[in-house]
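Keep in mind it's a predicted model, so treat the numbers as computed, not measured.
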Amino acid sequence: MRKHTPRNISKMAILSVLMLYAIPGLHPLLMPVTGVTSHLLWWTHVAPVSLVAYFFGVRGGMAATAVSTLLLVAGERFFGNGYGEPATWETAWSLAVALAMTNLLVAMLAITAGRAARTLSRAAYTHSLTGLPNRQYLESLLAQKQSKSNQQALVFVDLDDFDTINYSLGHDAGDHVLIALSRRFRACLENEQVLAHWAGDKFVVYAPSGSMQEIDTLVHRLQRSLSQPLEIGTLCLRSLTAGFGIACQEYGNNTNDLARNADTALSRAKQQGSSGRCVFEQSMQDNASYRLSILNDLSHAITHGKLMNYYQPIHHAASKALVGLETLVRWPHPDKGMIAPDEFIPMAEHAGLIAQLGEVVLEQALLDFQYWRKQGLCEPDMFLNINISPLQLVEHGFTDLLSSAVKVHEIPPHLLVLEITETAMMQSETVSLRILHDLRSRGFRIAIDDFGSGYSSLNYLHKLPVQILKIDRALIEQMENSQQAPLVKPIVEIARALGLQVIAEGVETATQAAQLAELDVDFLQGYYLSRPMPQEDLYPLVRPVSVR
């Protein structure tokens with residue numbers, strides 16, 4: 001069968017328009033005989049036939065042509081032509097044959113145009129890969145059902161780690177998985193439920209009744225279908241998982257609300273991990289609106305220099321002398337006050353703003369550091385710590401950016417300590433190792449932040465080009481507990497065996513500081529010694545002090 005490609009359809013449309021104008025132009029040839037104008041003949045015979053053929057296809061077109069022909073013969077023979085004179089049978093049949101030929105030609109064009117229109121209509125409401133109804137169809141269905149039911153519900157289904165399949169096996173394998181799952185999901189439906197392919201690896205099920213009992217049964221069936229092995233060529237995927245976001249009509253006045261709420265619930269379900277499931281509640285939308293507002297304000301704050309750098313001093317464990325500073329970004333929001341980094345840093349990472357935010361923080365920190373050094377406000381070997389996000393670490397050109405920045409500000413690279421959490425280092429060992437070795441070769445020092453909170457192995461730690469361990473504050477907080485205190489000592493011994501310096505962060509009490517000094521920790525950082533502060537409050541502290 002010849003495919004109705006856009007190019008072919010456009011040709012049909014052009015030909016149809018030309019015929020609509022050309023055929024009436026032939027009718028004046030019959031005017032001397034029939035006395036009927038071409039436009040009258042067109043609208044009374046040809047146009048109705050074309051409409052029937054367009055909507056009802058070949059059989060409709062043939063039937064309409066036959067009826068039109070008989071009506072013309074009867075009219076010409078028994079009621080007379082346009083001149084009021086009855087036509088002979090020979091003249092009537094000649095006119096009928098000419099009209100029939102015209103009708104058949106127009107009917108053929110109308111049938112082709114009708115088929116093309118229906119093909120386009122199906123394509124507009126069908127997903128090209130799975131053949132399921134697509135997003136446009138589902139939105140149209142919801143709009144139709146809205147006035148008839150207040151109980152309808154949507155279930156969003158989003159596969160977990162589907163990108164891993166695409167990256168490791170290829171996109172053809174990923175397409176195969178989506179097609180196979182679309183068939184399995186369709187088999188899970190009952191009653192008037194409708195399965196649609198929303199986009200990518202996201203499917204949606206429309207449940208007209210909206211009862212939670214029906215939804216629970218549906219989700220259970222979908223999960224069971226995912227757990228069945230799926231063969232891709234010679235490879236067998238033992239089990240797949242997905243997140244499920246559920247929304248009922250009660251929390252939305254229109255179809256857009258229903259889809260938005262289900263998507264919001266899906267996002268919360270994905271945060272729960274594999275096979276997460278979440279039913280929408282109004283508080284989720286309130287939180288999403290708040291996050292969107294904060295995200296817009298954050299973007300403005302980054303681009304307009306509204307963020308502030310605070311610095312927390314790092315002290316020598318024995319002499320308590322100032323030896324370094326850790327840069328900590330702060331956001332004084334004009335309406336909501338000071339917003340904690342734990343709140344806006346993850347949002348910046350999720351929104352793709354972390355690289356821009358990191359550049360702003362780095363530039364301001366190096367400017368301040370350069371000023372202190374040129375004014376003689378600190379020892380020449382005082383170091384500056386900068387926190388690096390895992391997304392920032394793998395950003396293209398990050399190492400070149402750092403090298404260029406320290407060169408412009410005349411800061412020796414070894415005085416810049418890059419703090420990276422052990423979790424971030426373990427997320428992509430190959431990429432992280434390559435970048436870290438590159439940074440180390442350029443002279444930068446690297447510190448493992450929050451050490452002891454993750455899952456680093458000794459073997460992996462030995463491979464890392466790091467010079468400093470920062471013991472996680474959670475371990476420091478528990479030092480006064482006799483059962484937890486022994487955990488810090490082996491970390492210090494490991495660091496010594498590997499030739500690493502140790503910073504203990506989160507030091508809150510004099511007892512903790514004394515215990516850490518006895519364990520031969522190099523540096524201390526915490527509220528007991530100094531709180532984070534803006535640059536102007538540092539001047540009484542940053543003075544040239546020798547550490548012996």
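- Screening residues 296-320 for salt bridge (charged side-chain N to carboxylate O under 4.0 Å, His left out), with sequence neighbours left out, gives no hits.
- Heavy atoms from other residues, nucleotides or ligands lying under 6.0 Å from CZ of Phe383 number more than 12.
- Residues satisfying the salt bridge (Lys or Arg N to Asp or Glu O under 4.0 Å) criterion with Arg445, sequence neighbours excluded, are absent altogether.
- Residue pairs meeting the salt bridge (charged side-chain N to carboxylate O under 4.0 Å, His left out) criterion with at least one partner in residues 155-167, sequence neighbours excluded, are Asp158-Lys270, Asp160-Lys270.
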Which donor-acceptor pairs under 3.5 Å do side chains of residues 353-369 form with protein atoms, sequence neighbours excluded?
| unit_1 | atom_1 | unit_2 | atom_2 | d |
| --- | --- | --- | --- | --- |
| Glu363 | OE1 | His409 | NE2 | 3.3 |
| Glu363 | OE2 | His409 | NE2 | 3.1 |
| Gln364 | NE2 | Asp368 | OD1 | 3.0 |
| Asp368 | OD2 | Tyr311 | OH | 2.6 |

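- In this structure a side-chain-to-backbone donor-acceptor pair under 3.5 Å is present from Ser441 to Asp438.
- With sequence neighbours excluded, the residues that form a salt bridge (Lys or Arg N to Asp or Glu O under 4.0 Å) with Asp522 are Arg496.
- For the salt bridge (charged side-chain N to carboxylate O under 4.0 Å, His left out) criterion with Asp263, the lone passing option out of Arg135, Arg268, Lys202 is Lys202.
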Under 3.5 Å, side-chain donor or acceptor atoms of residues 528-538 against the rest of the protein: list the pairs with distances, not counting sequence neighbours.
| unit_1 | atom_1 | unit_2 | atom_2 | d |
| --- | --- | --- | --- | --- |
| Ser530 | OG | His315 | NE2 | 3.1 |
| Gln535 | NE2 | Tyr539 | OH | 3.1 |

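- Formation of a donor-acceptor pair under 3.5 Å by the Gln467 side chain with backbone atoms of Ile446 is found in this model.
- For Lys374, the salt bridge (Lys or Arg N to Asp or Glu O under 4.0 Å) criterion is met by Glu410, not counting sequence neighbours.
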Name the atoms and distances for all side-chain donor-acceptor pairs under 3.5 Å in residues 335-352, with sequence neighbours left out.
| unit_1 | atom_1 | unit_2 | atom_2 | d |
| --- | --- | --- | --- | --- |
| Glu343 | OE2 | Tyr290 | OH | 3.0 |
| Glu349 | OE2 | Ser389 | OG | 2.7 |

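- Remark: side-chain polar atoms of His197 are paired, donor with acceptor, to backbone N or O of Gly200 under 3.5 angstrom.
- Applying the ring-ring contact (aromatic ring centres under 6.0 Å, His included) rule to Phe244 yields no partners; only residues at least two apart in sequence or on another chain are considered.
- Screening residues 390-408 for salt bridge (charged side-chain N to carboxylate O under 4.0 Å, His left out), with sequence neighbours left out, gives Asp400-Arg442.
- A distance of 11.0 Å separates CG of Asn309 from CG of Leu325, quoted to the nearest 0.5 Å.
- For the side-chain hydrogen bond (donor to acceptor under 3.5 Å, both in side chains) test, no residue two or more places apart in sequence or in another chain qualifies with Ser274.
- The structure places CZ of Arg373 at 10.5 Å from CG of Leu384, a figure rounded to the nearest 0.5 Å.
- With rounding to the nearest 0.5 angstrom, the CG atom of Leu295 is 13.5 Å from the NE2 atom of His300.
- Residues meeting the ring-ring contact (aromatic ring centres under 6.0 Å, His included) test with Phe398, sequence neighbours left out: none.
- Checking side-chain atoms of Ser404 against main-chain N and O of Leu401 turns up no donor-acceptor pair under 3.5 Å.
- In this structure, the side chains of Ile386 and Phe444 stay at 4.5 Å or more apart for every pair of heavy atoms.
- The closest donor-acceptor contact from the side chain of Arg277 to the backbone of Ala269 lies at 3.5 Å or more, if one exists at all.
- Ser293 contributes no side-chain N or O that, together with a main-chain N or O of Ser289, makes up a donor-acceptor pair within less than 3.5 Å.
- Applying side-chain contact (heavy atoms from CB on, under 4.5 Å) to Glu505 and the options Ile476, Ile471, Leu475, Asp449 leaves one that passes, Asp449.
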